[in-house]
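Reviewing the structure listed below.
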2 protein chains.
Amino acid sequence: MRSAAKKTAPTPEVAADRKKQILKAAVEVFAERGFHRTRVSDIAKRAGVAYGLIYHYFESKDDVLNCVFEENWSVFLKVLRDLEANPELAAAQKLRSIAALLIDALQIAPATIQVIIQEVSRSDRFVHTEKVHAFEGAFTVVRQIIEGGQRRGELRADLSAQVGAYIFFGALETICTGFMLGHIRCSTPEEAAVVKHTVELTLLHGLLDPKGAK
Amino acid sequence: MRSAAKKTAPTPEVAADRKKQILKAAVEVFAERGFHRTRVSDIAKRAGVAYGLIYHYFESKDDVLNCVFEENWSVFLKVLRDLEANPELAAAQKLRSIAALLIDALQIAPATIQVIIQEVSRSDRFVHTEKVHAFEGAFTVVRQIIEGGQRRGELRADLSAQVGAYIFFGALETICTGFMLGHIRCSTPEEAAVVKHTVELTLLHGLLDPKGAK
DNA sequence: TCTTCGACTGATTCGTCAGTCAACCATGAG
DNA sequence: CTCATGGTTGACTGACGAATCAGTCGAAGA
């Protein structure tokens with residue numbers, strides 16, 4: 001009981017709890033069936049809540065997806081921005097950290113990652129312009145990291161930071177997909193280390209064997 | 001008027017033409033609005049054909065998408081397999097060729113690429129298992145190329161070929177996405193060259209500047 | 001006790017398409 | 001000329017699912 005609230009607080013955080021409860025259920029079913037194939041009634045059922053209540057807390061089905069996205073993406077973006085702004089770290093180290101962040105997140109909250117990657121980054125790209133902007137935010141950070149590294153001579157200057165950032169993100173995104181399909185294992189710290197190591201070698205050092213005969 | 005047909009050719013290839021005509025229209029509208037948001041009537045309208053005729057040539061709306069996919073993917077896959085089997089080429093060269101193939105295709109048939117990437121590779125992954133298999137085909141080829149390169153000492157042996165293949169494909173996929181969003185320009189040979197060059201440097205040589213201070 | 005307020009319910013409404021089908025030509029054969 | 005064949009048409013139907021809304025219930029305040 002949250003009796004502490006003065007007279008004007010009948011349900012202080014109950015509402016917040018309910019909303020979270022619904023969001024949690026939504027993430028689960030979205031991850032299982034995909035946004036388009038889940039009915040609002042599926043979310044309600046999973047949350048153990050009446051159909052109509054969804055519309056008490058959310059504008060629409062789309063709004064539910066938006067909330068899932070915004071709640072998580074803003075956190076991710078903040079971490080990214082902090083990383084980028086840190087002058088102590090080399091560009092390579094920043095990129096490594098981002099990759100590690102995502103790969104670790106896969107173990108902690110696979111469903112959430114899956115929903116964001118599959119349902120938000122993709123679906124109806126041209127309708128939800130705001131989401132494209134959100135992605136651009138993260139994307140810009142990576143581009144800036146690369147550009148910074150190039151200026152300081154840490155990274156190759158003779159490539160497009162723009163395209164490089166796309167490659168970096170694309171690599172991570174597809175690893176997430178591979179994980180979801182069960183093709184890439186990274187559920188244990190050891191497996192995750194292999195993946196991180198491969199990302200580092202491939203993107204930072206290159207696939208070519210430096211000792212290799214040309 | 002197609003009066004040319006002799007007596008025994010009422011509709012020999014007219015049917016094939018019609019089918020192509022519908023497929024072409026379908027690719028266009030799928031690219032514009034996405035599979036889910038296009039109505040069958042949109043396809044019909046674009047093709048300048050009656051609604052019902054779609055169902056004369058195709059089982060269902062899904063079947064239309066399938067045909068788009070299969071017609072193009074099989075071609076792509078064949079090229080990939082031929083590349084992989086060529087003992088003349090170094091692994092790096094094979095990977096370069098694949099990247100070039102895709103980047104060039106972006107200029108020739110952007111809508112087709114877009115549909116395959118956006119609508120097939122993504123949507124309803126777990127429903128259309130056949131498509132996952134198809135993708136695995138291409139994906140396996142890349143993994144084999146990497147493994148071959150590793151065996152011959154051309155590529156680093158201390159990384160997961162599986163994950164590497166995912167990174168490679170992910171990079172290319174996202175470049176396509178960037179192109180579709182208008183963020184990556186590669187419509188002229190010069191622009192395409194920049195992109196190819198960046199792919200090569202990033203994935204084969206690594207982002208790190210070899211001269212860079214550690 | 002009575003009233004208010006808002007969380008909560010779920011049957012109903014309403015729009016949207018995918019897919020069907022009966023009728024319509026055009027052509028070629030008898 | 002007549003019939004048959006098969007491509008072609010588009011109005012129609014049936015299902016599905018998002019969103020609504022009239023109403024229930026319980027707790028807090030008067």
Side-chain angles (χ1 to χ4, degrees), chain A residues 1-26 29-30 32-68 119 123-124 127-128, chain B residues 1-26 29-30 32-68 119 123-124 127-128:
Chain A
M1 274 300 178
R2 292 257 119 227
S3 55
K6 291 141 250 161
K7 60 181 177 185
T8 54
T11 41
E13 60 184 35
V14 170
D17 281 352
R18 267 280 192 269
K19 199 162 180 178
K20 275 194 178 154
Q21 175 186 357
I22 293 171
L23 279 174
K24 184 166 173 289
V29 288
F30 285 164
E32 277 169 25
R33 326 190 18 138
F35 177 74
H36 279 292
R37 298 173 52 81
T38 45
R39 286 151 291 198
V40 175
S41 65
D42 292 333
I43 304 174
K45 210 168 288 172
R46 177 70 61 105
V49 136
Y51 187 99
L53 196 62
I54 309 277
Y55 288 90
H56 185 74
Y57 288 103
F58 300 92
E59 295 271 315
S60 63
K61 186 185 164 191
D62 274 28
D63 187 37
V64 177
L65 184 60
N66 273 335
C67 284
V68 171
E119 303 305 328
S123 67
D124 311 320
V127 184
H128 303 103
Chain B
M1 279 297 179
R2 296 253 117 232
S3 55
K6 289 139 253 161
K7 62 177 176 183
T8 53
T11 42
E13 61 186 35
V14 171
D17 282 351
R18 268 277 192 268
K19 200 163 180 178
K20 276 197 177 150
Q21 176 186 358
I22 293 171
L23 279 174
K24 183 165 173 290
V29 289
F30 286 163
E32 277 169 26
R33 327 194 12 143
F35 178 73
H36 279 292
R37 298 175 51 83
T38 46
R39 286 151 290 198
V40 174
S41 64
D42 292 332
I43 304 175
K45 208 169 290 171
R46 178 68 61 104
V49 137
Y51 187 99
L53 196 61
I54 309 277
Y55 289 89
H56 185 74
Y57 289 102
F58 300 92
E59 295 273 315
S60 64
K61 187 184 163 191
D62 274 31
D63 187 37
V64 177
L65 183 59
N66 273 335
C67 285
V68 171
E119 303 305 328
S123 69
D124 313 320
V127 186
H128 303 102

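Letters A, B, ... mirror the listed sequences (proteins, then strands); counts begin at 1.
Proximity of A:H56 to the phosphate of C:dC8: no side-chain N or O atom is located under 4.0 Å from OP1 or OP2. Close to D:dT8, at under 4.0 Å from its OP1 or OP2, lies a side-chain N or O of B:R18.
Distance check: B:L23 CG to B:L65 CG gives 10.5 Å after rounding to the nearest 0.5 Å. Annotation: the span from B:C67 atom SG to B:K20 atom NZ amounts to 12.5 Å, rounded to 0.5 Å. Atoms CZ and CG, on A:R18 and A:L53 in that order, are 6.0 Å from each other to the nearest 0.5 Å.
In this structure, B:R37 and B:E32 have side chains that are not in contact, with every pair of non-hydrogen atoms separated by 4.5 Å or more. When side chains are defined from C-beta on, B:Y57 does not count as touching B:V64, because their heavy atoms never get closer than 4.5 Å. Contact annotation: the side chain of B:N66 never approaches that of B:F58 to less than 4.5 Å [non-hydrogen atoms, C-beta and beyond].
Whole-Å rounding puts the A:K19 NZ to C:dC8 P distance at 13 Å. Between the CD atom of A:Q21 and the P atom of C:dA7 there is a distance of 14 Å, given to the nearest Å. One can place CG of B:D42 at 13 Å from P of C:dT16, the figure rounded to the nearest angstrom. For B:I54 and D:dT9, the CD1 to P distance is 10 Å, given to the nearest whole Å. In this structure, NE2 of B:H36 is placed 14 Å from C1' of D:dG17, rounded to the nearest angstrom. Nucleotide C:dA18 holds its P atom 13 Å from the CG atom of B:L65, rounded to whole Å. Note: CG (A:D63) to C1' (D:dT20) measures 16 Å, nearest angstrom. Separating the CD1 atom of B:I43 from the P atom of D:dG10 is a distance of 16 Å, rounded to the nearest angstrom.
For A:K61, the side-chain atoms get nearest to D:dA18 when compared with the rest of D:dT9, D:dA18, C:dA18. Across C:dA18, D:dG7, C:dA7, the shortest atom-to-atom separation from the side chain of B:Y57 is found for D:dG7. The side chain of A:Y55 sits closest to D:dT20 out of D:dT20, C:dA18, D:dT8.
A residue-by-residue look at A:R39 and A:E59 shows that A:R39 has its nearest nucleotide of DNA chain D further toward the 5' end.
Between A:K45 and A:D42 there is no salt bridge, since no side-chain nitrogen of the basic residue lies less than 4.0 Å from a carboxylate oxygen of the acidic one.
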Taking N or O atoms only and anything under 3.5 Å, show me the protein contacts with nucleotides 11-14 of chain C, one pair per line.
none

